[in-house]
Amino acid sequence: MSPRTASSSIRLNDLPHPVVAGLISVIVNYGGTFILVFQAAKVAGLSPELTASWVWSVSIGVGVTGLFLSWRYREPIITVWSTPAAGFLVAALGSTPYAEAVGAYMVSAAAFVALGLSGYFEKVIRLIPPGIASGLLAGILLQFGIGAFGSASIDPLLVGLLIVAYVVLKRFSARYAVVGILVIGLGLLLIQGRVDLSGLKPAFAMPVFTMPAFSLNALLSIALPLFLITLSGQYMPGMLVLRNDGFKTSANPIVTVTGLGSLVMAPFGSHAFNIAAITAAIATGKEAHIDPSKRWIAGIAAGCFYVLVGIFGVTLAAVFMAFPATFITTLAGLALLGTIGGSLAGAMADPTSREAALITFLASAANIKLLGVGGAFWGLIIGLLAHFVLNSRLPRNGLAGNGAAAK
């Protein structure tokens, strides 16, 4: 059944799995990568008010764009802040005035709007063979699968319980496996007293407007790298995640809408947001819902949770970040096992592209970092080159003809 097929009426029992999938994707994002935003804000010397505004703008922005896109196209289109860009800003903001950085955010966002309206991004996506796309996705997600089991050496009781619970639940009630390990893990953490929320006080986040400034230095040192990093590290693998699970929405409106959202929110601190890559796989696979036409509910749920975090700003972000790192890592890895397995099967399905897909998988898993660009981009480039060399047709007829003429 195609995900583009009109969905039947939503029943109450259709909600738990996609809602939990949306919640897990949000928890993994805040608990796993949002610390980079706080680190970048500290490097830039931002006040608590400006930091809270950054949290507000990026959370509200990804929530609203994800809600709109998921509702409009009835697909689980999860949007998120650019994680590799946040990592880049940890190093870049220390030498750039904040107002100029905001101006650079706006230039980068405007470039994505232009890219989406031009339609060229979708043409690039269509050039990627399915086996290469599956190998890329499997390579990107491999570290999360390994992390789910590798954390056992750090926190054997918690991780062991989650793994055993996942396997048992998969055997007897596969639909409730991810929901079950979330509940079981939270229960154990509460019993152990490892989630301390006593110091948290609910407080509304207030947006703070920063007048943007523009300079050639910020354009070259922030706007251009921000655009390239987000394009290669987020948009390209994010669209491949959707394609891998059979969703066909064009990349053009997604790039345009998220670019517009980034442009609007940039003066309030948001550096960039885009379609999610790794965490989107939590919502696009069978674990979110057995019926693909119902998985868009996960996108709606994730959007609502993001908006909720944005309203309360740093307070709720701190709640997600209070979870132990081993819990976040194991939860994400186990939730992605089905997607990793399906991607590996897709990568190996076609014998003619199998070796190129394997090269793509290994290169992506190696997470090569060159010229400030992350492993997803280089894995894709290496895989496409291998596919071209191994599968392109040599001009045998032309060579034969030349030989005959020489005689």
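- Residue Ala110 comes nearest to Leu263 through the heavy atom pair N-CD1, 4.4 Å, listed as atom of the first residue, atom of the second, then distance.
- Leu390 has its side chain within reach of Glu355: a pair of non-hydrogen atoms, C-beta onward, lies under 4.5 Å apart.
- When side chains are defined from C-beta on, Tyr306 does not count as touching Phe273, because their heavy atoms never get closer than 4.5 Å.
- Proximity of Ile381 to Leu385: side-chain heavy atoms (C-beta onward) are separated by under 4.5 Å at one or more points.
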Side chain to side chain contact (heavy atoms under 4.5 Å, CB included) assessment of Asn274 paired with Thr79
CA-CA 5 Å; Asn274 39 256; Thr79 53; over 6 Å; no
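- Taking 4.5 Å as the limit, every side-chain heavy atom of Val113 sits out of range of all side-chain heavy atoms of Val255.
- A donor-acceptor contact shorter than 3.5 Å is absent between the side chain of Arg295 and the backbone of Pro76.
- Between the CD1 atom in Ile154 and the OG1 atom in Thr330 there is a gap of 9.0 Å [rounded to 0.5 Å].
- In terms of heavy-atom proximity, Ser364 sits nearest to Gly379 at OG-CA, 3.5 Å.
- Side-chain N/O atoms of Ser82 and Thr230 include a donor and acceptor closer than 3.5 Å.
- Nearest heavy atoms, Gly131 versus Ala357: O-CB, 3.4 Å.
- Between Val102 and Pro212, the shortest heavy-atom distance links the atoms CG1-CB, 3.9 Å.
- A donor-acceptor contact shorter than 3.5 Å links the side chain of Trp54 to the backbone of Gly269.
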Check against side chain to side chain contact (heavy atoms under 4.5 Å, CB included), Leu142 and Phe361:
CA-CA 9 Å; Leu142 179 64; Phe361 165 68; 3.8 Å; yes
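- Side-chain contact between Phe121 and Ile254: absent, with no pair of heavy atoms (C-beta onward) separated by less than 4.5 Å.
- Side-chain atoms of Ser215 and Asn217 form no donor-acceptor pair, as typed in the model, at a separation below 3.5 Å.
- The two residues Thr352 and Asn391 make their nearest non-hydrogen contact at O-OD1, 2.6 Å.
- Listed for the Gln234 side chain is no donor-acceptor partner under 3.5 Å among the backbone atoms of Ala276.
- A donor-acceptor distance shorter than 3.5 angstrom exists from the side chain of Ser47 to the backbone of Leu50, with no hydrogens or angles considered.
- Partner of Leu331 under the side-chain contact (heavy atoms from CB on, under 4.5 Å) criterion, chosen from Ile181, Ile282, Leu162: Ile181.
- Residues Val80 and Ser25 form no side-chain contact, since every pair of their non-hydrogen atoms from C-beta on lies 4.5 Å or further apart.
- At least one side-chain heavy atom of Leu67 sits less than 4.5 Å from a side-chain heavy atom of Ile300.
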Mind running salt bridge (charged side-chain N to carboxylate O under 4.0 Å, His left out) on Asp155 and Arg194 for me, showing each step along the way?
CA-CA 12 Å; Asp155 197 343; Arg194 296 174 61 184; 2.6 Å; yes
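- Shown here are the ring pair (Phe, Tyr, Trp, His ring centres under 6.0 Å) partners of Phe268, two or more places apart in sequence or in another chain: Trp56, Phe209.
- Between the side chain of Ser53 and the main chain of Pro207, no donor-acceptor pair closer than 3.5 Å is present.
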Check the pair Leu182, Val20 against side chain to side chain contact (heavy atoms under 4.5 Å, CB included), reporting the backbone distance first and the verdict last.
CA-CA 9 Å; Leu182 174 62; Val20 168; 3.9 Å; yes
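- For Ser57 (side chain) and Ser270 (main-chain N/O), a donor-acceptor pair under 3.5 Å exists by modelled atom type.
- Of the N and O atoms on the side chains of Ser250 and Tyr73, not one donor lies less than 3.5 Å from an acceptor on the other residue.
- Of the inter-residue distances, the one linking Lys248 atom NZ with Leu242 atom CG reads 10.5 Å to the nearest 0.5 angstrom.
- Looking at residues two or more places apart in sequence or on another chain, you find no salt bridge (charged side-chain N to carboxylate O under 4.0 Å, His left out) involving Arg354.
- Between Phe227 and Phe112, the ring planes are tilted. Angles from 30° to 60° get that label.
- Residues Met265 and Ile60 have side chains in contact (heavy-atom distance under 4.5 Å, counting atoms from C-beta outward).
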What verdict does the side chain to side chain contact (heavy atoms under 4.5 Å, CB included) test give for Glu75 and Ser70, after you've listed the backbone C-alpha separation in whole Å, the side-chain angles of each residue and the deciding distance to 0.1 Å?
CA-CA 5 Å; Glu75 293 186 359; Ser70 296; over 6 Å; no
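- Here the closest heavy-atom approach between residue Thr51 and residue Ala41 is recorded as OG1-CB, 3.7 Å.
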